[in-house]
*Asks:* 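Can you keep this structure in mind? I'll have questions shortly.
Lettering of chains follows the sequences in order, A, B, ..., and the numbering in each one begins at 1.
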2 protein chains.
Amino acid sequence: MAARKKNSTYTRNEQCIIDCDLTYAVHKIGGRWKLLILDKLEGGKRRFGELKREFSYITERMLTLQLRALEQDGLVKRTVYAEVPPRVEYELTEMARELGPILKQLSQWGGKQRRLAKNEMK
Amino acid sequence: MAARKKNSTYTRNEQCIIDCDLTYAVHKIGGRWKLLILDKLEGGKRRFGELKREFSYITERMLTLQLRALEQDGLVKRTVYAEVPPRVEYELTEMARELGPILKQLSQWGGKQRRLAKNEMK
DNA sequence: TATGGTACATACAAACATGTAAGTAATGGC
DNA sequence: GCCATTACTTACATGTTTGTATGTACCATA
């Protein structure tokens, strides 16, 4: 997200990670709020303000950063309308839509595992 | 991974994350090396030292931490043999095996996206 | 008695991610 | 001219993750 310093090992190791398609994929969606945002956008186009209201616990800064990262990674398309006050809309790209069904499976798995973990606590 | 300080917002927000099955799932597999480890273990039981040799770029410390996290999350089973020198074996749990097919799809998606991104650079 | 192998553990430092608070630009309506 | 609205941006502080270096326990063997 930020400018990467060319630290010897950390960066070199990151290369190893990114050589793996799977890790690459998970990195794309691994931000703290990205999945929630993607999920919301499955419902269709949203304005920045809408997302902000929807996710009141996400700070404006983080919302911006995560949206930018998603845009950068080709998962979200950003459209700016030359109006005042400004209007900006976000929507999923084709690539992101292909991800949807996979994420649904992952979500189910997560739910199952979570219930299991909860039961073990008793 | 480490002891969490109970910072007001950071932790509170984490709760929001974990209330989402999907984000919960991604968190379980989101560690820097977890996917590589899981992938290797799909091939069967491995000793700590085997993993260490296989992933020469992962530090011993990180390997330990990630394995412990995976164990904690019920994705990996750890078996200690009371021998000297010690022998410890790691293998996937049922839960982790169910994850396999989903990860394969994710990996394919990642590969596709990666090739796309590469082409756009030209 | 010293040495080696295995699977760690611990202390410390660097890099990274996230949160907090405040500011910006443009313009239409008052 | 002043204010409100929208979608940011910036500077700074805090928290988390990863890496580096070194140490430990065990016992068999030399």
*Asks:* Going by the side-chain hydrogen bond (donor to acceptor under 3.5 Å, both in side chains) test, which pairs reach into residues 82-106 of chain B, not counting sequence neighbours?
*Replies:*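 Listed once each, the pairs are A/Q105-B/Q105, A/K112-B/E98, B/R78-B/Y90, B/Y81-B/E89, B/E83-B/R87, B/R87-B/E89.
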*Asks:* Which listed nucleotide (C/dT20, C/dA7, D/dT6) is nearest to the side chain of B/R47?
*Replies:*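 Nearest to the side-chain atoms of B/R47, counting from C-beta on, is C/dA7.
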*Asks:* OP1 or OP2 of D/dT18 less than 4.0 angstrom from a side-chain nitrogen or oxygen of A/N13, does that happen here?
*Replies:*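 A/N13 to D/dT18 OP1/OP2: no side-chain N or O under 4.0 Å.
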*Asks:* Base, sugar-phosphate, or nothing: which does B/R61 touch, judged by heavy atoms less than 4.0 Å apart?
*Replies:*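 Base: the residue B/R61, judged by heavy atoms under 4.0 Å, touches a nucleobase.
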*Asks:* Base, sugar-phosphate alone, or nothing: which one does A/E60 contact when heavy atoms must sit under 4.0 Å apart?
*Replies:*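 Counting heavy atoms under 4.0 Å across all strands, the contact made by A/E60 includes a base.
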*Asks:* For B/Y57 and for A/V80, find the nucleotide of DNA chain D with the closest heavy atom, then tell me which residue's nucleotide is more 5'.
*Replies:* A/V80
*Asks:* Check this one for me: any side-chain N or O of A/R78 less than 4.0 Å away from OP1 or OP2 of D/dC8?
*Replies:* yes
*Asks:* Write down the atom of B/I37, the atom of B/Q66, and the distance for their closest heavy-atom approach.
*Replies:* CD1-CB, 3.8 Å
*Asks:* Is A/T9 near enough to D/dT20 that one of its side-chain N or O atoms lies under 4.0 angstrom from OP1 or OP2?
*Replies:* yes
*Asks:* Is there a side-chain polar atom (N or O) of B/R68 under 4.0 Å from OP1 or OP2 of C/dC8?
*Replies:*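 Yes, because at least one side-chain N or O of B/R68 sits under 4.0 Å from OP1 or OP2 of C/dC8.
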*Asks:* Compare the minimum distances between each of D/dT6, C/dA9, D/dC26 and the side chain of A/P86, then state the nucleotide with the smallest one.
*Replies:* D/dT6
*Asks:* Between D/dT17 and B/Q66, is there an OP1 or OP2 to side-chain N/O distance shorter than 4.0 Å?
*Replies:* no
*Asks:* Considering only side-chain heavy atoms of A/V88, which listed nucleotide, C/dA7, D/dA7, C/dG19, is closest?
*Replies:*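 For the A/V88 side chain, the nearest candidate turns out to be D/dA7.
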*Asks:* Using whole Å, what does the distance between atom P of nucleotide C/dT18 and atom CD1 of A/I58 come to?
*Replies:*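 So the CD1-P distance, A/I58 to C/dT18, works out to 11 Å.
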*Asks:* Output the single nucleotide from D/dC26, C/dG19, C/dT27 whose closest atom is nearest the side chain of A/V84.
*Replies:* C/dT27
*Asks:* For D/dA7, does OP1 or OP2 lie under 4.0 Å from any side-chain N or O of A/R53?
*Replies:* no
*Asks:* Taking the basic N atoms (NZ, or NE/NH1/NH2) and the acidic carboxylate oxygens, is any pair closer than 4.0 Å for A/K52 and A/E60?
*Replies:* yes
*Asks:* Assign A/Y90 to base, sugar-phosphate, or nothing according to its heavy-atom contacts below 4.0 angstrom with the strands shown.
*Replies:*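 The answer is sugar-phosphate, as A/Y90 gets under 4.0 Å only of primed atoms, P, OP1 or OP2.
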